[in-house]
Amino acid sequence: MKKPYVICHMMSTVDGRIISGNWGDEQLTKTYAGFFEKYHETFESQAWMCGRVTMERDFTDGVQPEPQKPDSPIAREPFIGDKNATSFAIAIDAHGKLGWNSNQTGGDHVVEVLTEQVSDDYLYYLQQKGISYIFAGKEEIDFSSALNQLAELFPIQTLMLEGGGHVNGSVLNEGLIDELSLLLLPIADGTPGSPTTFEVSSYLQKKPATQLQLTEVQQLDEGVLWIKYRFGNK
């Protein structure tokens, strides 16, 4: 079994918060977002991965799925919607809730990571859209299985993990992240309950804290620091 090299690429405030809607200055937030995209492009990756909430908020334009009844039951096996795709947007969508305009976002082919409890109607909807999907777990996402399948089924060698906090936390908890690229913003947020870079869900068995090795620090414009780490067990 193999998995892609996983780089968690995030930006956060000095207190770890990642929800930009709390940061006030809209123009400065756009500048930070520009930094995020610019430094994402410095990595040679074939895929990026986000959780359902992040995908729904930033990449689906609020489209709602329109499931249709298939003519026959659909087997719980991978579906490849575009065999010629070379870049990928990976959506963690355990319960099959995302809607899409097409099988691409930003020019990247969409691959949904689902659990086996997703309905046949939703699977047929994805097939009709030409959206790829894999199954990783019966009721909860098994990230080790998901990453192995992504490496086996698609030409993905390096994957950028880009939120939200619970997806990052789940992948972290399984020891599957190889590198962290963090844009540290000169903002103290303090919003109660606001998600942070890594959030381990309460239903998971929390594993010991992970030690990181600092590899690089760069000071950017607007007081932003770009900090890179490798994970201690890598």
Discussion item. Rounded at 0.5 Å granularity, tell me how far CD in Glu56 sits from NZ in Lys97.
Written reply: 8.5 Å

Worksheet item: Which value, rounded to the nearest 0.5 Å, describes the distance between His40 atom NE2 and Glu37 atom CD?
Response: 6.5 Å

Pairs under 3.5 angstrom only: tabulate donor-acceptor contacts from the side chains of residues 180-194 to other protein residues two or more places apart or in another chain.
residue	atom	partner	partner atom	Å
Ser181	OG	His9	ND1	2.9
Ser181	OG	Trp226	NE1	2.8
Asp189	OD1	Thr191	N	2.9
Asp189	OD1	Thr191	OG1	2.3
Asp189	OD2	Trp23	NE1	3.3
Ser194	OG	Asn22	ND2	3.4

Worksheet item: Do you reckon Val53 sits in the same ILVMFWY cluster as Val167, going by side-chain contacts under 4.5 Å, direct or chained?
Response: no

Discussion item. Under a 3.5 Å threshold, yes or no: a donor from one side chain and an acceptor from the other, between Tyr229 and Glu216?
Written reply: no

Worksheet, complete the sentence: Rounded to the nearest 0.5 Å, the SG atom of Cys8 sits from the CD atom of Glu179 at a distance of 10.5 Å

Fill in: In one Ile/Leu/Val/Met/Phe/Trp/Tyr side-chain cluster, 4.5 Å: Leu161, Ile7
no

Worksheet entry | Exercise: do His109 and Ser132 side chains pair donor with acceptor under 3.5 Å | yes

Worksheet item: Do the non-hydrogen side-chain atoms of Ile134 and Gln149 ever get within less than 4.5 Å of each other?
Response: yes

Worksheet item: Can you tell me if Lys3 uses its side chain to pair, donor with acceptor, with the backbone of Ala151 under 3.5 Å?
Response: no

Worksheet entry | Main-chain N/O of Val63 paired with Asp61 side-chain donor or acceptor, under 3.5 Å | no

Worksheet item: Is the shortest distance from a Lys or Arg side-chain nitrogen in Lys30 or Asp25 to a carboxylate oxygen in the other one below 4.0 Å?
Response: no

Worksheet item: Do Leu150 and Phe88 have side-chain heavy atoms sitting under 4.5 Å apart?
Response: no

Discussion item. Let me check something: do Trp100 and Val111 share a hydrophobic cluster, defined by ILVMFWY side-chain heavy atoms less than 4.5 Å apart, either directly or through other members?
Written reply: no

Worksheet entry | Residues, nucleotides or ligands: over 12 heavy atoms within 6.0 Å of Gln157 CD | no

Worksheet item: Hey, is the main chain of Arg230 close enough, under 3.5 Å, to the side chain of Thr215 for a donor-acceptor pair?
Response: no

Discussion item. Take a 6.0 Å sphere around CD of Glu66 and say whether it holds more than 12 heavy atoms from other residues, nucleotides or ligands.
Written reply: no

Practice prompt. For side chain to side chain contact (heavy atoms under 4.5 Å, CB included), just list the numbers for Thr60 and Thr105, CA-CA rounded to whole Å, side-chain angles, deciding distance to a tenth of an Å, and then say yes or no.
Written response: CA-CA 8 Å; Thr60 68; Thr105 180; over 6 Å; no

Worksheet item: Quick check: does any side chain N or O of Gln46 sit under 3.5 Å from a backbone N or O of Thr158, one acting as donor and the other as acceptor?
Response: yes

Discussion item. A side-chain contact here means heavy atoms from C-beta on lying under 4.5 Å apart; do Ile131 and Glu112 qualify?
Written reply: yes

Worksheet, complete the sentence: Shortest non-hydrogen pair, Ser87 vs Gly107, comes out as OG-O, 3.7 Å

Worksheet item: Do any N or O atoms from the side chain of Asn168 and from the backbone of Gly163 form a donor-acceptor pair under 3.5 angstrom?
Response: yes

Worksheet item: Is there side-chain contact between Asn173 and Lys206, with at least one heavy-atom pair below 4.5 Å?
Response: yes

Worksheet item: Within the side chain of Glu199, is there an N or O that forms a donor-acceptor pair under 3.5 Å with the backbone of Thr196?
Response: yes

Worksheet item: With the threshold set at 4.0 Å, does a side-chain nitrogen-carboxylate oxygen contact exist between Lys207 and Glu174?
Response: yes

Worksheet item: Nearest heavy-atom pair of Gln117 and Glu139: which atoms, and what distance?
Response: NE2-O, 3.7 Å

Worksheet entry | Verify same cluster id: Ile177, Val113 (apolar side-chain graph, 4.5 Å) | yes

Discussion item. With rounding to the nearest 0.5 angstrom, report the OG to CD1 distance, Ser12 to Ile19.
Written reply: 11.5 Å

Worksheet entry | Nearest non-hydrogen partners of Ala75 and Phe135, listed with the distance | O-CE1, 4.3 Å

Worksheet item: Are any of the side-chain heavy atoms of Phe35 and Thr31 separated by less than 4.5 Å?
Response: yes

Fill in: NZ/NE/NH1/NH2 to OD/OE distance under 4.0 Å, Glu116 and Lys138
yes

Discussion item. Evaluate Tyr122 against Leu98 for side chain to side chain contact (heavy atoms under 4.5 Å, CB included), listing each step before the verdict.
Written reply: CA-CA 9 Å; Tyr122 187 73; Leu98 288 171; 3.9 Å; yes

Discussion item. Quick one, Asp108 with Gln104, criterion side chain to side chain contact (heavy atoms under 4.5 Å, CB included). Give me CA distance, side-chain angles, the key distance, then yes/no.
Written reply: CA-CA 5 Å; Asp108 301 320; Gln104 294 187 355; over 6 Å; no

Worksheet item: So, do Ile18 and Met10 sit near enough that their side-chain heavy atoms are less than 4.5 Å apart?
Response: yes

Worksheet, complete the sentence: So OG of Ser20 and CG of Leu28: to nearest 0.5 Å the spacing works out to 11.5 Å

Discussion item. Just by distance, no angles: are the side chains of Thr13 and Asp15 close enough, under 3.5 Å, to form a donor-acceptor pair?
Written reply: yes

Item to complete: Check whether Tyr32 and Leu220 end up in the same hydrophobic cluster, where Ile, Leu, Val, Met, Phe, Trp and Tyr are linked by side-chain heavy atoms less than 4.5 Å apart.
Response: yes

Practice prompt. Give a yes or no answer on whether the side chain of Thr54 reaches the backbone of Cys50 with a donor-acceptor pair at less than 3.5 Å.
Written response: no

Discussion item. Please report the interatomic distance OG(Ser119) to OH(Tyr124), rounded to the nearest 0.5 Å.
Written reply: 13.5 Å

Worksheet item: Do Gln127 and Tyr133 have side-chain heavy atoms sitting under 4.5 Å apart?
Response: yes

Worksheet entry | Ala47 versus Ile90, closest heavy-atom pair with distance | CB-CG1, 4.2 Å

Practice prompt. With the side chain counted from C-beta on, respond yes when Arg76 and Asp120 share a heavy-atom pair under 4.5 Å apart, and no when they do not.
Written response: yes

Worksheet item: Are Glu162 and Met49 close enough, and set up right, to give a side chain to side chain contact (heavy atoms under 4.5 Å, CB included), and what steps lead you there?
Response: CA-CA 6 Å; Glu162 298 185 338; Met49 183 166 78; over 6 Å; no

